[in-house]
Amino acid sequence: MIKFKLNGKDVQSDSEGETPLLWVVRDELNYKGTKFGCGIAQCGACTVQIDGTPTRSCVIPVSAVADKDVTTIEGLNSPAGLALKQAWVSEQVPQCGYCQSGQLVSAEALLRSKSAPTDDDISRAMDGNLCRCMAYTRIRKAIKTAAQEV
Amino acid sequence: MATIEKISNKISRRTFLAGSVNAGLFMGFGGLLGGCTEQEAVQSLSLPEADLSKVFSPAVWFNMNAQGEVVINIAKAEMGQHVGTALARVVADELGADWASVSIEHVDTDPKWGYMVTGGSWSVFTSFKLLSQAGAAGREVLLDAAAALLGVDRSMCSAANGMVTAGDQSISYADIVARGDISRSFTQEQLDALPLKPASARTLVGKPTKALDIPAKSQGEAVYGIDAELPGMVYATPLMPPTRYGSKINNIDDSAAKAIFGYQQTLQIEDPSDNLQGWAVVIADSFPTALKAAAVVQVDWAAGDTAEVSEADIFAAGEALARDAQQGALVVDDGDVAAAHAAAEDTHEAVYRTGTALHFALEPVNALVEFTDGKCHIHSGNQWQSLILPALASALEMPETDIVIHQYYLGGGFGRRLWGDYMIPAALAAKQLGKPVKMLWQRADDSRMDCVRSPSVQLFKASLDADKNVTGIEHAAVAGWPTLTLAPGFLADGQKESGKYDTFSISGGDHWYSLSNHRVRAINNNLAQKTFLPGWLRTVGPGWVAWGVESFMNELAEKQGKDAIEFRLSLLDAAGKNSGKAPESVGGAARLAAVLKDVRERSPWGGELPSNEGLGVAVGSGQERTMPTWTAAVAHVAVDPQTKEISVKKIWQSIDCGTVVHPSGAMAQAEGAMLWGVSLALHEGTEFENGQVKDRNLDTYRPLRMSSVPELDIKFMPSEEFPTGLGEPPLIAIAPAIAAAVFAATGERVRDLPISIG
């Protein structure tokens with residue numbers, strides 16, 4: 001049994017330790033906001049934060065998060081997280097929306113490390129998050145909007 | 001091209017019914033079912049809704065409850081285009097509803113909805129008149145009832161914002177519904193006679209609003225097919241054969257999988273519909289277990305006869321077909337190209353090709369299937385329910401009416417989910433096991449059995465006079481045809497009994513340039529057709545046909561020593577067949593000329609650029625001649641002289657899609673489509689190798705990322721014309737404009753997509 005914190009709450013998993021965290025979060029603990037995209041840590045749809053660091057949950061074994069803090073889109077309620085969620089609506093960012101949980105989780109970590117990110121900062125932080133609808137222009141704009149609100 | 005009409009005509013004898021149902025007001029717009037009279041339909045309004053569906057097939061309906069809340073049912077798939085918002089705005093505007101009281105519901109399959117398809121950028125185009133009339137009919141009913149309730153003359157009443165006003169009296173829609181006695185039907189003739197608002201009186205259409213689906217998608221709360229669950233379900237993933245067709249399973253050895261905790265079994269799939277040939281399905285307690293087991297189950301296949309086919313083979317077959325003048329269906333045959341050729345002082349020939357491209361919708365295809373109460377319930381996101389239902393009926397050997405597809409948000413459509421084949425293995429496994437099966441395809445499998453955009457080959461031959469003026473063009477376009485395999489009933493007849501062709505695989509060849517001698521042949525690449533299942537990829541025909549047409553136009557302009565925009569304008573005279581037709585193409589080629597002039601003015605066209613940089617232009621008129629959205633793009637690229645790496649700095653595009661219904665949604669579609677254009681031009685592409693696509697995941701298949709996004713400068717032309725489509729047309733001009741810019745920067749002519757030089 002592996003114990004960790006998920007969105008601030010104590011949780012435990014009965015899955016084998018090598019099970020990717022993604023499936024524990026989605027199917028065992030039933031937080032469906034985090035998505036499966038490529039399975040090889042290349043698309044970013046499965047991004048969660050482990051102790052505040054954006055991580056691809058599709059390749060991280062659940063054993064690696066024992067006693068750690070995991071944050072998913074559902075728990076992304078820091079001032080930066082809330083500002084981003086609001087900016088995503090005000091800038092009308094999502095199209096199909098499937099990648100957006102991962103985009104928001106990555107963007108929140110960016111805003112915590114850089115309160116006024118430059119275009120290059122945004123490109124670097126967000127390049128690992130594929131948006132297949134290619135809503136990139138609005139993602140960039142919404143991050144800047146949120147940065148001003150925090 | 002009759003395809004849109006074919007689909008629209010499935011809704012016949014349109015009627016609007018309004019009546020009190022379950023203490024609310026029901027308003028439905030659609031066709032009466034066979035044998036039912038208007039009177040019987042109105043009478044059934046007093047019956048429960050379930051009975052109404054026996055006489056009436058609404059393409060749309062909406063309910064208003066006694067609180068005045070309006071729920072509009074949407075039979076279109078939501079895959080990022082915010083279609084429900086756009087369609088609901090059309091209804092609510094004519095209805096005079098208070099937008100704050102409007103919500104939408106995406107419906108499951110039911111024969112009562114008529115033909116269900118979301119694609120071709122058709123949704124607003126095919127629904128606009130229908131939904132406007134439905135809203136207007138609802139408004140008339142409410143106005144009549146309000147006049148009676150207020151005791152005033154009907155002519156004194158006006159409706160707006162959920163209220164009817166007559167002089168100093170007013171009554172809310174909610175009160176009308178609560179107190180009014182409404183039971184009405186309108187025939188098609190009466191509907192056609194209803195007054196529709198002039199554009200200047202619209203309060204919602206064309207006005208800014210926020211999309212109804214965006215808040216949930218910004219909180220991680222939107223529910224996609226992959227999120228659906230049922231009690232007692234097992235998890236599954238398929239094992240796919242080495243060829244699309246003709247593979248057979250000799251033996252399955254799952255002994256290694258048996259050591260995996262949670263592995264249940266591997267099922268060999270027998271599919272009576274023959275869509276799946278040589279498939280097996282791994283069943284387990286969880287997805288990760290199913291994926292782990294799938295990696296160690298050994299299947300011995302006898303492969304079908306396309307196991308060695310390569311991209312080069314498909315191209316070679318395509319070019320041979322293009323050069324055989326006897327091949328293909330005649331799509332355009334204006335004037336006499338042979339005579340023009342014989343009389344030519346000079347000729348110019350070019351072969352344009354596009355490589356295999358994947359949909360790569362970010363949500364891998366999936367389906368959850370349960371058999372219960374004698375019905376098959378499928379939970380999955382899908383774009384063309386009316387196409388897959390008959391295939392499912394054939395696979396499951398049960399009537400189509402006993403199969404229900406429950407709709408979810410689509411984690412990307414782009415045409416992949418027009419073909420719901422991913423439901424078939426899940427359904428067959430659930431049937432075999434007698435319990436609910438949740439099947440997810442691994443990413444590499446999703447790519448491998450994608451209905452890809454076929455490799456294509458186009459041959460162009462131009463005849464020129466002594467001044468290099470174009471006297472004729474012969475064009476042959478060869479590819480695998482999606483419609484041939486998936487929906488052969490939608491194939492069109494070529495001219496002069498030249499056979500059937502796929503309109504979706506030549507659209508864009510029948511362009512709006514006036515050419516006195518012009519012949520276009522559409523040719524099926526039979527090697528492609530038997531090797532894989534060609535699919536409809538965002539922008540479909542024009543997405544690759546215009547790559548050739550527009551690039552060749554740039555070559556001819558250069559040959560003539562003429563500016564590429566001036567050259568085009570000289571051919572866009574809007575004469576004869578290019579003069580346009582009401583309502584969908586009023587103005588014809590003159591509107592294409594207008595967007596081209598507009599983008600010329602807004603871009604630095606003709607200006608000086610640093611070395612190794614260039615500008616290029618192209619136009620589009622997709623998706624079809626029967627629904628043209630007029631687009632013109634100028635691309636600005638820079639090419640690194642050492643690495644030859646091409647970067648797009650900026651793209652200007654001017655777009656005329658007639659009336660814009662939902663401005664922010666329209667802009668988002670244009671932005672997304674243009675970046676898709678960049679991605680398909682420079683970043684993504686694969687090839688067939690040993691009968692299958694080679695690049696199956698993001699390690700080697702690399703769509704555009706944030707850091708390579710160019711600046712976009714997009715303008716929608718102000719217009720009150722009939723709305724056309726938008727999800728795809730802004731993609732069309734991008735690749736040829738980029739290639740032209742690369743030529744301007746380097747002098748290298750690129751004829752293969754994706755583009756690479758050096």
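Residue numbering restarts at 1 for every chain, and letters A, B, ... go by the order of the sequence lines. The structure presented is a predicted model; accordingly, all values stated were derived computationally and were not measured.
With respect to A/Lys32 and B/Glu229, a salt bridge is recorded, a charged nitrogen being found less than 4.0 Å from a carboxylate O. Between A/Glu91 and B/Lys210, no side-chain nitrogen of the basic residue sits less than 4.0 Å from a carboxylate oxygen of the acidic one, so the salt-bridge criterion is not met. Between B/Glu363 and A/Lys35 no salt bridge is recorded (no basic side-chain N to carboxylate O distance below 4.0 Å).
Comparing A/Asp27, A/Val24, A/Val93, A/Thr34 by how many heavy-atom pairs each has under 4.5 Å with chain B, the most go to A/Asp27. The choice from B/Asp213, B/Leu712, B/Leu698 that makes the most heavy-atom pairs within less than 4.5 Å of chain A is B/Leu698. The greatest number of non-hydrogen atom pairs below 4.5 Å with chain B, out of A/Gly37, A/Gly33, A/Ser101, is found for A/Gly37. The greatest number of non-hydrogen atom pairs below 4.5 Å with chain A, out of B/Leu675, B/Asp227, B/Val223, is found for B/Asp227. Among A/Gly128, A/Cys131, A/Ala87, A/Cys38, the residue making the largest number of heavy-atom pairs under 4.5 Å with chain B is A/Cys38. Most heavy-atom pairs under 4.5 Å with chain B: of the set A/Pro20, A/Pro94, A/Gly81, this distinction falls to A/Pro94. Interface check for chain A: of the options B/Gly411, B/Gly412, B/Ala673, the most heavy-atom pairs under 4.5 Å are formed by B/Gly411. Highest contact tally toward chain A, considering only B/Glu78, B/Arg696, B/His359, is held by B/His359 [criterion: heavy-atom pairs under 4.5 Å]. With respect to chain B, the highest number of heavy-atom pairs below 4.5 Å among A/Ser15, A/Cys96, A/Ala135 belongs to A/Cys96.
There is no contact between B/Tyr409 and chain A, counting heavy-atom distances below 4.5 Å. Contact annotation for A/Gln86: neither backbone nor side-chain heavy atoms come within less than 4.5 Å of a heavy atom of chain B. Heavy atoms of A/Ala45 lying under 4.5 Å from chain B belong exclusively to its side chain. Looking at A/Leu104, only its side chain comes within 4.5 Å of chain B, counting heavy atoms on both sides. Within the 4.5 angstrom heavy-atom criterion, atoms from both the backbone and the side chain of A/Ser123 approach chain B. In this structure, no portion of A/Asp120 lies under 4.5 Å from any heavy atom of chain B. Proximity to chain A involves both the backbone and the side chain of B/Ala668, based on heavy atoms less than 4.5 angstrom apart. When heavy atoms are compared at a cutoff of 4.5 Å, B/Ser286 does not approach chain A at all. Both the backbone and the side chain of B/Met667 come within less than 4.5 Å of a heavy atom in chain A. Only the backbone of B/Leu410 has a heavy atom closer than 4.5 Å to any heavy atom of chain A. Contacts of A/Glu16 with chain B are made by side-chain atoms alone, with heavy-atom separations under 4.5 Å and no backbone atom involved.
Residue-level contacts of residues 439-448 of chain B with chain A, in order of numbering, are B/Leu440, B/Trp441, B/Arg443; threshold 4.5 Å between heavy atoms. Taking 4.5 Å as the heavy-atom cut-off, the residues of residues 230-237 of chain B that approach chain A are B/Tyr235, ordered by number.
One N or O on the side chain of B/Trp676 and one on the backbone of A/Arg132 form a donor-acceptor pair closer than 3.5 Å. Side chain of B/Asn697 to main chain of A/Ile40: no donor-acceptor pair is present (N/O by atom type, distance under 3.5 Å, no hydrogens or angles). Under a 3.5 Å cut-off, the side chain of B/Lys217 and the backbone N or O of A/Gln95 do form a donor-acceptor pair.
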Step by step, would you call A/Cys43 with B/Leu362 a side chain to side chain contact (heavy atoms under 4.5 Å, CB included)? CA-CA 8 Å; A/Cys43 77; B/Leu362 200 50; 3.8 Å; yes
Give the intermediate values and the outcome of side chain to side chain contact (heavy atoms under 4.5 Å, CB included) for residues B/Ile214 and A/Trp88. CA-CA 8 Å; B/Ile214 281 184; A/Trp88 248 236; 5.9 Å; no
Tell me, with the steps shown, if B/Met706 and A/Asn129 meet side chain to side chain contact (heavy atoms under 4.5 Å, CB included). CA-CA 8 Å; B/Met706 175 77 90; A/Asn129 288 82; over 6 Å; no
Could you please spell out the steps behind the side chain to side chain contact (heavy atoms under 4.5 Å, CB included) verdict for B/Val678 and A/Met134? CA-CA 10 Å; B/Val678 174; A/Met134 310 222 172; over 6 Å; no
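Using a 30° and 60° split on the angle between ring planes, B/Tyr224 and A/Tyr98 fall in the perpendicular class, above 60°.
Interatomic distance, SG of A/Cys133 versus CD of B/Glu671, reported as 12.0 Å (0.5 Å rounding). Atom-to-atom distance recorded for B/Ser707:OG and A/Arg140:CZ is 8.5 Å, nearest 0.5 angstrom. Atom OG in B/Ser218 sits 9.5 Å away from atom NZ in A/Lys85 (nearest 0.5 Å).
Using a 4.5 Å heavy-atom cutoff, the side chains of A/Arg26 and B/Ile226 are in contact. A/Leu130 is listed as a side-chain neighbour of B/Pro703, based on a closest heavy-atom distance under 4.5 Å.
Other residues, nucleotides and ligands place no more than 12 heavy atoms under 6.0 Å from the NZ atom of A/Lys3. The local environment of NZ in B/Lys650 is crowded, with over 12 non-hydrogen atoms from other residues, nucleotides or ligands closer than 6.0 Å.
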